[in-house]
Structure formats: C-alpha cells, structure tokens
2 protein chains.
Amino acid sequence: MSLPHAILTALLEKPSSGLELTRRFDKSIGYFWSATHQQIYRELGKLEAEGFIRTLPAAQPARGQKKSYEVLPAGRAELARWTAAPQDPKTLRDPLLLRLRAAAVVGTAGLEADLRRHLELHRRQLAEYQEIEKRDFPPDRDAPEDRLRHLVLRAGIDLETFWTQWLTHALAEFAGLPGEGRDRS
Amino acid sequence: MSLPHAILTALLEKPSSGLELTRRFDKSIGYFWSATHQQIYRELGKLEAEGFIRTLPAAQPARGQKKSYEVLPAGRAELARWTAAPQDPKTLRDPLLLRLRAAAVVGTAGLEADLRRHLELHRRQLAEYQEIEKRDFPPDRDAPEDRLRHLVLRAGIDLETFWTQWLTHALAEFAGLPGEGRDRS
DNA sequence: GAGCTTTATGCAACTAGTTGCACAACCAGC
DNA sequence: GCTGGTTGTGCAACTAGTTGCATAAAGCTC
C-alpha cells in the first residue's frame, strides 16, 4: 500500500490537483513509483474520506473543475508512521530473467534482439538520470532533504548502470553460444 | 503474464505435480519469480484447459491424489513464442525509495533501523547466491544451458551487491545528517 | 481403530494496479 | 454561436497476485 503515501509525500512537497499530481508522477516521483491518473483520483477520494487530506477552499463543485488538495496533520502523522514502519525488501521478480531461463530450454532465437533493445532503453534512462543529477544536485548543495533525494536518484543511476553492464555481458555470452544452442524448439 | 510461462519452463525441465512445482518455486525459480501454491494450481488448470500441458497417465482421480503434468508440443511452442516476443523492461517500483523520499519531508526517525535490517537481509541473500554459484557453476561447466542459467544467477548476485552497497552508502549519509533532520514531524 | 499430523489439492474473497471509456468545462477559430 | 480540440475529472471492468480457509487421503501413535 504505497500509493497513498506517495501521494501524501507529493502533496506535502506542494498542494496540487489531481492532474498536477498526475504530471508529477510522470516525472520525478514516477521514476520510482509510477501511477495513472485513475489510480490517483481514486486514491485522493479515499484519502479525503479518511481525513488525511482536504480540498483547498476556492472552487470545488462539479466535474471539469480544478480541485486542489492539501495534507492535514493526520495525513502527515500517517506518512511519518508508514515511513518508519518496517517493511520487507521487495523480492526480485523480473520476466526478463524468466525468459532467459526459458531460453535455456527452448532456444535463444529472437531473444537477443530484445536484449539489445533493453540495453538501449537502459542506456537512455541512465543518461536521463545523470542529466538530472547534474542539474539538480551540484556538489555544493547539501541540505538534508537534498541529500536524501540525491540518494534516491543514486539508486536509480546505479540500477540502470547494473542493467547496462549485465545486458552487455549477456549479449557477449550469446555471441559465444554455439549456433545450435540458439534455436532448438 | 509470466506465471504460465514460468510453469511451462519448470515442467519442461522436469514433469511435476502441483506440490513439486510449489517446492521448486520456493527454491531456484522462486529466486526471480515467486508464486504460491494457489497460483500454481489455478494456472495448471488453465494451462491444461488450453491444451498446453496434460496430466501424466497413472493415477489422476479425486482430491488428495498426486497429479503430475507434462508439457505438450503446443505448450513448448507457446513458451518459445513468449520468450522471443519483445517486452518492455520493468519500470523501477520500490517502496523503500518512496520511504526515503517521504523521510525528506517527515524526518528519518525510525527509518534507519529498517535500513540496517534490509542491509542484513541483502547480505544474507547475496551469500546464499554465492553459495549456489560455487556449488552449481564450477569454472569448467559451460554447456549452453548452464551459461544461460549462470547469467540469471549473476543478475541476482549483482543486484544484491548493488543493494548492499547502496544501503551502506545510505546509512553513512544518515550518520552525517544533522540531528534536527532526523525527526521533524 | 480413533484420533492427530502431514501431504496434496483446491475454492473464494480480497487487494493492487491497469485499461478503456465517458463526460463536463473551457478555449480556440471561423 | 457553433464546432472541435484540450484540459480535468471520474466510473467500471479487468488482470495479477495474495490471504485465508476447506478438504481429502495417507500414515503414525496409542
């Protein structure tokens, strides 16, 4: 149950409407927790019902009407509670690894091309993160919040680095595989 | 939709009953694609209905009765198709990173202890993978299937290595954070 | 042979997330 | 002043995965 807390964090950083949140989930927050606008609207409704957020005064009636939310003290408390509460690490769960294992049984035909595509995508993502790092975290900035946010970005950078390296290694292995191993279905 | 294909792979490696599959998903396959016995039984039913697998002759009636499955040619073809079909890389999605970002807003109190726990768990997992590597992939083995399976294990090892390093780094950052940054809710 | 535990199979309900669509208001251009 | 795209909000249905429980048979223990 992370989405409500992702939204609380985003709203604490800056009160927003559903659409604004959606946009922010397409950028910064979405880099490690993506969400569609439907999920966000549904969750905003629940959070309001639970008394964790409320709509800012101003206009609120009817559809097609911009509605901005802000976090109430109960919401902040809930977020603090959740942040501190122990949670088990996510277990690894990746279809790509499954496909590799399947390839050991049915042959690697076709898989290689998709591996190349993945490599390219991860390289691009890595470049994008590095761009953000250069822009948002110059060496002199070191307020506590910046340090924590930088740490999160570092995780993204290091993960993309891992994937590009691993995929490169995998493709090298493929190249060394005997021809008959590459398709035997 | 990876579970059916995980099961097909497992059954191609060795025909099994639901319980045997469950056990294998608790070990090797489960390292990168976990599944509960309920998921497995449900999926076996579907795969059989679709004509991808069938029960081995022998005993098959009633509950509490062992039922073994084997893959039919259609199942193998489907697995080969799926393995070669392009799929987008999984997007990063980790509650831990979210909690770190939340901590930038509500303070890091409590989070540090859980980070330490994660570090310990990842270290343990890493040791386990390295143990498997030593046991199952001695330097002289290099049949194509072994190479591919080794590659998958390598991904696990490298990912756990990444997490231990990143968590170590994160904890070092926490230590350097000013006291007031550690809890301001 | 009555009861207890283990092995093996399975249903049903729930939670989280995705996809597809609907609809209202506003803002152009003509 | 209507037509057509864009912005903003939302419902409903579906898919994947989890949790909790039910049940049947086999074996063991006294």
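Per chain, numbering begins at 1; letters A, B, ... match sequence-line order.
- Taking atom NZ of K67(B) as the reference point, atom C1' of dA25(D) lies 15 Å away to the nearest angstrom.
- For the atom pair CZ of R154(B) and OH of Y129(B), the computed distance is 12.5 Å after rounding to the nearest 0.5 Å.
- Contacts with DNA chain D (heavy atom under 4.0 Å) in residues 13-32 of chain B: none are found.
- Of the residues T168(A), T108(A), L96(A), the one that meets the side chain to side chain contact (heavy atoms under 4.5 Å, CB included) test with L115(A) is L96(A).
- Taking every heavy atom of both residues into account, D114(A) and A85(B) meet most closely at OD2-O, 4.0 Å.
- Inter-axis angle, ends of the helix from dG1(C)-dC30(D) to dC30(C)-dG1(D), five pairs per end, rounded to 10 degrees: 10°.
- Y31(A) and Q125(A) share no side-chain donor-acceptor pair at under 3.5 Å.
- The line from OG of S2(A) to CH2 of W33(A) is 3.5 Å long, rounded to the nearest 0.5 Å.
- For K90(A) and dT18(D), the NZ to C1' distance is 17 Å, given to the nearest whole Å.
- Sorted by residue number, the members of residues 33-44 of chain B with any non-hydrogen atom under 4.0 Å from DNA chain D read W33(B), T36(B), Q38(B), Q39(B), R42(B).
- The two residues L97(B) and V152(A) make their nearest non-hydrogen contact at O-CG2, 3.8 Å.
- Computed from coordinates, the D94(A) CG to dG17(D) C1' distance equals 17 Å when rounded to whole Å.
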Report the C-alpha separation of H5(A) and E78(A) in whole Å, then their side-chain angles, then the decisive distance to 0.1 Å, and conclude whether the side-chain hydrogen bond (donor to acceptor under 3.5 Å, both in side chains) test is met. CA-CA 8 Å; H5(A) 302 97; E78(A) 165 57 22; 2.9 Å; yes
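- Expressed to the nearest 0.5 Å, how far CG of L3(A) lies from CD of Q39(A) amounts to 5.5 Å.
- With rounding to the nearest 0.5 Å, the separation of NE2 in H150(A) from CG in L100(B) is 12.5 Å.
- Within the model, atoms NE2 of H122(B) and CZ of F162(B) stand 8.5 Å from one another, a figure rounded to the nearest 0.5 Å.
- Counting to the nearest Å, the C1' atom of dT9(D) and the CD atom of E48(A) are 14 Å from each other.
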